[in-house]
Structure formats: C-alpha cells, structure tokens
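Working notes, structure below.
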Amino acid sequence: MNIFNLLLHIIKVEIESLSMQSALPAGLALDNVAATPPREAGHGDIAINAAMVLAKQAKMPPRQIAEILTGHLESVSKLKDIIARLEIAGPGFINLFLKDTFWHAQLADILTRGTRYGDSTVGNDERVNVEFVSANPTGPLHVGHGRGAVFGDALVALLKKAGYAVSREYYINDAGGQVDALARSLYFRYREACGETPGAMPHGIYPGEYLLPPAAALRARDGDKWLALSEAEWLPALRVYAIEAMLDLIRADLARLGIGFDRFFSERSLHAAGSIEAALQRLNEAGVIYTGTLEPPKGMLPDDWEPRPQTLFRATAFGDDVDRPLKKSDGSWTYFASDIAYHFDKVNRGFTTLIDVWGADHGGYIKRVKAAIKALAGDRATLDVKICNMVRVLDGGVPVKMSKRSGDFVTLKDVVDAVGKDAVRFIMLTRRNDAMLDFDLSKVLEQSRENPVFYVQYAHARACSVARRLKLDYPAFGLATPDWSTAPLARLTHPAEIAIIRRLAQWPDIVEGAAKAHEPHRIAFFLYDLAGDFHAHWNSGNDEEALRFIVPTDRDLSFARLALVQGVATVIASGLEVMGVTPVEEMR
RNA sequence: GCGCCCGUAGCUCAGUCGGAUAGAGCACCAGAUUCCUAAUCUGGGGGUCGUGGGUUCAAAUCCCGCCGGGCGCACCA
C-alpha cells in the first residue's frame, strides 16, 4: 500500500465533503493536490499542498483554507487513529505527523508480504512491450549493449512489480546488408578453415575472431561443399547459419547477465509476411505517402548528394522535422520502412505502451518512429524511447583501451567475467539512462562506501547477521524461526527506529513513481539511501549501548528490533530483485 | 545550419506532478573501535543550480533567447 496515495485519497474526499457543506467553494480541481514526504524532518511525515493549490480557485488565502481543512481533518475518525497531530506551516503546507502505531502497522505489512512488499496495481494490467538490446546479429555484445540490456530488463521487472503486463522483446536486424556482410565474413573464415589462404581481408568483412568457431563448425558439418559454389548459391544458406551462430553468442552473453526474452522478432519475417507492404498500404490510404525530392541538410552537404525523387512518408505531418524515405535507390525497403511495420505489428498484438531502449547514436530516429506510430495507430498506443548514453570503461581511473582487432569496444562478456553479474547490473543503474556512465572495473570491486554495490549488499548482509547472532548466541530467546505476526512491534519507540520504518514505507511509492517515469535507476538510489540509514543506526549502537539490536536482558525488545532489521533486509531484497541483483547474506 | 540530450559544491552525481533553509558520495578538516562485521559511523567548511528574461502564491524543475559540451542529420542498421 502506498501510504502517500492513501492519505491523499482520504484528504481529497474530505475536501469534496467540505465543498458539499459549503465550507469551501464547489467544483474545485484537485488534480495538483499532492501528499509528499517532506525533505525536512521537522516538517512531519507527510506534507499536503492543498491550501496553496486551491487558494486561487477558491479565491481565499491559503492560510484560511488550511485552517478550515485542518479543523475538519482533526474530526475525521479515519484519521484519528493515524495522525498524532497536524500543523500549518510555511506558505500553507499542512504537515501530518503520524502515530508510531501507524508505522508499526507498516512494518507488520512488510513482514507479512516479504519481497512482494511494494507490489502495486497502478499498472492496471496494461500491456507494455519493452524492446531492448536489439543489437545487430553480427558479433558479440559490447558494454554499451550491456547497459541497454540491464536497463531494459530492470525496467520490465519494475513495470511488472507495478502491475503492468509486460513483454520483453528483441528485434533481430536480419534483413539488411549487414547480415550479407556477416555471411561473407563467415565464408572468408570458412575458406581459411578449409585450408585455403584467401589473402588480405577485403573491405566490409567483419574482422573479429569470433567467427572462427562457427566457421570451423560449418566445415566440420558440411566439409568443403560450399567452396565450389558461387556467392549467389552459398550466401542465403550461410547467412542463416551465421545469424544463428551470432544469436547464440548474443544469447549466451545475455544469459551471463541473467537476461532472457519473451520473444525474438525477426525483421526478415516482416518482409516474408508482406507486413511492410501492408503497413505502407495503410499509410498510403491515409494519404501520407508521396514521391518527392528531399533538400540536402543545410550546413553539411553530404559528398555524394544528388537530388533524387524518392518514396517518402510525410513525417512532418506528425511532428518530425523532415519527410523520410521508405525505399532505397535499388528499390528495396529502407530500415525505417520495416521498422514502421514492426511497430505496427506490436500495436496490432495489443500493446498500448511501447518502450524502445536505444543507444545514444539513435536519438535522431525517435521522431520519425513516433510519427509513424501516430499515423498508423493514432491514440491506440504510445511510444516512449529510452536513450541509454555511452559507457566509458575505466580501470583505476584510466580508460581501458579499446580491444585489439576483435572490434572497437570492450566486450560485455569480458566485463561480466571480470566483476560479476551483480556488480555490472547494479552499476549500470547508478546513473540516469540518458547520462553518460563511467564504469570503473577496479572501483566496483572495492569494498567501501564509494561503491554502491558493496554498500547496499553490506547493509543486507549486516541485517542477516543480526538474525544469525540471535539464533546462535541467544537460543533461549527462541527467535530462530520467528513468527513475525507475534513480534511486539510496539516496543519500537526510538525516533531512529521510526525513521527507518518511514524510509521502508516509501518503497511502494518509489516503485510506482519509477515505473510511471520508466526510470529504474531510482531503485538504486533509494537502496543506497536506505542502506545509509541502516548503517548509521547500526553504528549508533556503538555510542549508545541501549540502541543495539540485540538486548541480552530483554527478549521482546530484541524481537521487535529483529523485526525492524528483517524489514530492512526485506525491502533491500525487494529492490535488488527488481534490479536483478542477488542479495548476499554474508560477506566474509 | 537543423534536431535531440546535457550543464547543480573542487570532482562524480541525485533531486518525485513546480513546494518550505537545493542533497549524497569522493576529496579536505576534526572525531568514534573492551561492542551485533570500524568493510562502518559522527561533526565541519564548501552553491549567482551555465546565463538573461518570462509564467506562478512558489522555479534546479515549466516557456523563450544566448553561452558551453555530447549525439545525430537522404538511398546504413
């Protein structure tokens, strides 16, 4: 349960009731009324901005509205059990101070629900398609792909937790010239494998050594049978073979990160099924396809520019900057044409929210795809494109050299092998997706506060250690397998303890906010803050013995505090679950 | 030239649908360990939120101009 929405709902109802009683004007718009956690601890637990928002509409000073509202709220029976006191502050905020018993109830809820705490229904089972990675099947994934992979996967988990019906999808670009080049590259390696010396590598051949194993496997399977054939004869078959081999490679790279997909969608299948013609036919009927000649971009004339009539989509009618070509000069479809069909297919499969996760170099492509969706689907579906910015790989602050000949980038596999799945996943979410990310291989292994992976894991491990210690050193307490429903939570009275529960109780709101904004990085920052609260409280037991979790002379107090610690572990685990990171119970 | 993203403490970055005295880590300074993991914690200094306007009761947040950085710009994917 999201406590902020709960209170907000109650208060909105009461405002409406005041309107009915004519204590406030009728017909007030409450859309901007909000219940938020105040930054300042002295401002209570929940701040309501209603008085300021309504002042203008009601033609009354905010203070006066606040007076009316607080006077009324104090008499509402539903709130009497929850609110210790309320005050009017600043320009007209109503600050609510909640009773300890309310927070105890929140903790009890956490313990009952376990890592399912924070699950929400705001998504309302809306069907969402998240397409991510979608790297060309021409080689292994690099670190940049890894960021998109982790981002997409965590976003899916987040959306599911918030109650959306989500599907993970990978679009395979298996139809263009790049996969022909891949097939030629494989053939080159195949000739080598057959004992030929093909000589210097021609231009347009992928130089990576990752094609050696598939070439050898091809030779082992088929012998020399392809050598005597012409390119037209071997290319289609070897293309299929090479794409499958590369997809195996990619799937293996993703599996190392614990990432799988509900569907791999082939671009070639769109061509084969006539989906492109169908989608463009529809655009044609809508009158947004025409033949015309584009102006060259001002300020940067391409060398080989020549004015040429093309088949164009009138993207400018839907917010794009220029109209976009659908056919290449050789008559085949452009990538954009098949992408139109692909997104139309997603809409036709019933998805109402489409999310595409792309690299930073594709930012210029967003408007045209949005334009196409608008033209084909109107308001039936919306597209949100999440751009994942570049990743710089460092080691001890020094940029890692781009790897030898195998490609231009550090491979994802190398990085996962070096620091582990959990560290990669966590670090990838410690920046907003649209900000550049420095990934320092040595820092993510460091055991210090500087390293958020460690800091959060350590908090979880510490929480687990309290349970261990109680079990081992205080068997008389009988808390080896506690029944949380009997925990005497009323014994949690210290402000620092309540403060931690307050943080834990933000978790459902964090989930909903992050899910709506499509921003999984918020989870990482929340967990870091929570870990900080917990470490601080843990340490205060050093200065003040009475604050330690385990009180040898007081079994019930120890039980209550164990419950608090368990709540911390639970929420951390719940957050890590969304991030796809395994919580550790010990770090020795 | 045009489009998109970014500009917050010395450095790296958070900042919720616009909300109260703009936060955290690092670095710097001063402290805490007979004690559940000091792998941690406490306190301190440090800001024209790039800049100039505008909207608003209220702007780091929304709108416009400018400056600085990144990405992209027909027939690649």
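Chain letters run A, B, ... following the sequence lines, proteins first, then strands; residues in each count from 1.
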Review point. Is the NZ or CZ atom of A:R324 both under 6.0 Å from the centre of the six-membered ring of A:F336 and within 45° of that ring's axis?
Key: no
Study note, to complete from the structure: Here the distance between atom C1' of B:C71 and atom CE of A:M436, to the nearest Å, is 9 Å
Exercise for review: Please state the P separation for the pair B:A39 and B:A27 - nearest whole angstrom.
Suggested key: 16 Å
Point to revise | Interatomic distance, A:N542 CG vs B:A39 P [rounded to whole Å] | key: 11 Å
Study note, to complete from the structure: So the stems of RNA chain B, runs of at least three Watson-Crick or G-U pairs (under 3.5 Å), are B:1-7 with B:67-73, B:10-13 with B:23-26, B:28-32 with B:40-44, B:50-54 with B:62-66
Review point. Would you say A:Q57's side chain and A:L54's backbone share a donor-acceptor pair under 3.5 angstrom?
Key: no
Check your understanding: Taking for each residue the nucleotide of RNA chain B with the nearest heavy atom, is it A:S448 or A:D434 whose nucleotide lies nearer the 5' end?
Key -> A:D434
Point to revise | Ring centre gap for A:F265 and A:Y342 strictly below 6.0 Å | key: yes
Revision key, fill the gap. Atom CD1 of A:I427 and atom C1' of B:G25 are separated, to the nearest Å, by 13 Å
Review point. Hey, does the side chain of A:N136 reach the backbone of A:T138 with a donor-acceptor pair shorter than 3.5 angstrom?
Key: no
Check your understanding: Taking atom CG of A:L530 and atom CZ of A:F525, what is their separation to the nearest 0.5 Å?
Key -> 15.0 Å
Point to revise | Side-chain N,O (A:K56) to OP1/OP2 (B:U56) below 4.0 Å | key: no
Point to revise | Euclidean distance for P, B:C4 against B:C62 (whole angstrom) | key: 14 Å
Check your understanding: Base, sugar-phosphate alone, or nothing: which one does A:R548 contact when heavy atoms must sit under 4.0 Å apart?
Key -> base
Practice item. Return the value, rounded to whole Å, for the distance between atom OH of A:Y474 and atom C1' of B:C36. Key: 8 Å
Review point. How would you label the contact of A:A517 with the nucleic acid (heavy atoms, under 4.0 Å): base, sugar-phosphate, or nothing?
Key: nothing
Revision key, fill the gap. Among B:U40, B:A74, B:C76, the one nearest any side-chain atom of A:Q178 is B:C76
Point to revise | Nucleic acid contacts - residues 551-559 of chain A versus RNA chain B, non-hydrogen atoms under 4.0 Å | key: none
Revision key, fill the gap. Picking from B:G25, B:U16, B:A38, the nucleotide nearest the side-chain atoms of A:Y528 would be B:G25
Review point. Are the aromatic rings of A:F132 and A:F151 close, with centres under 6.0 Å apart?
Key: no
Point to revise | Atom pair distance, as rounded to whole Å: CG in A:N389 and P in B:G7 | key: 12 Å
Practice item. Tell me what A:A360 touches on the nucleic acid: a base, only sugar-phosphate, or nothing, going by heavy atoms under 4.0 Å. Key: sugar-phosphate
Review point. When all nucleic acid strands are considered with a 4.0 Å heavy-atom cut-off, which category describes A:K367: base, sugar-phosphate, or nothing?
Key: sugar-phosphate
Review point. For A:A135, does its backbone N or O pair with a side-chain atom of A:Y170 as donor and acceptor, under 3.5 Å?
Key: yes
**Study point:** Options B:G72, B:U37, B:C75, nucleotide nearest the side-chain atoms of A:Y458
**Key:** B:U37
Exercise for review: Could you tell me whether A:E306 contacts a base, only the sugar-phosphate backbone, or nothing, with contacts defined as non-hydrogen atoms closer than 4.0 Å?
Suggested key: base
Check your understanding: How long is the line joining NE2 of A:H460 and C1' of B:U40, in whole Å?
Key -> 18 Å
**Study point:** Separation of the C1' atoms in B:U61 and B:G50, to the nearest angstrom
**Key:** 16 Å
Review point. Does A:K386 make a cation-pi contact with A:W358, if we ask for NZ or CZ under 6.0 Å from the ring centre and within 45° of the axis?
Key: no
Point to revise | Integer angstrom distance from the P of B:C64 to that of B:A20 | key: 24 Å
Study note, to complete from the structure: Closest of B:C57, B:A32, B:A74 to the A:N539 side chain is B:A32
Check your understanding: Distance check: side-chain N/O of A:H521 vs OP1/OP2 of B:G15, anything under 4.0 Å?
Key -> yes
Check your understanding: Checking all strands, does A:E450 fall into the base, sugar-phosphate, or nothing category for heavy-atom contacts under 4.0 angstrom?
Key -> sugar-phosphate
Exercise for review: For B:U48 and B:A9, measure between their C1' atoms and round to the nearest Å.
Suggested key: 13 Å
Check your understanding: Which listed nucleotide (B:G1, B:G70, B:C75) is nearest to the side chain of A:M390?
Key -> B:G70
Check your understanding: Using a cut-off of 4.0 Å on non-hydrogen atoms, how would the nucleic acid contact of A:G176 be classed: base, sugar-phosphate, or nothing?
Key -> sugar-phosphate
Check your understanding: A:T36 side chain N/O closer than 4.0 Å to the phosphate oxygens (OP1, OP2) of B:U16?
Key -> no
Exercise for review: For the pair A:Y365 and A:H362, name the ring-plane relationship: parallel under 30°, tilted 30 to 60°, perpendicular over 60°.
Suggested key: perpendicular
Exercise for review: Take the protein atom CE of A:M587 and the nucleotide atom P of B:A38, then report the distance between them rounded to whole Å.
Suggested key: 14 Å
Review point. Do A:R314 and A:Y290 meet the cation-pi criteria used here (NZ or CZ under 6.0 Å from the six-membered ring centre, within 45° of the axis)?
Key: yes
Review point. Mind checking the C1' distance from B:U8 to B:G46? Whole angstroms is fine.
Key: 14 Å
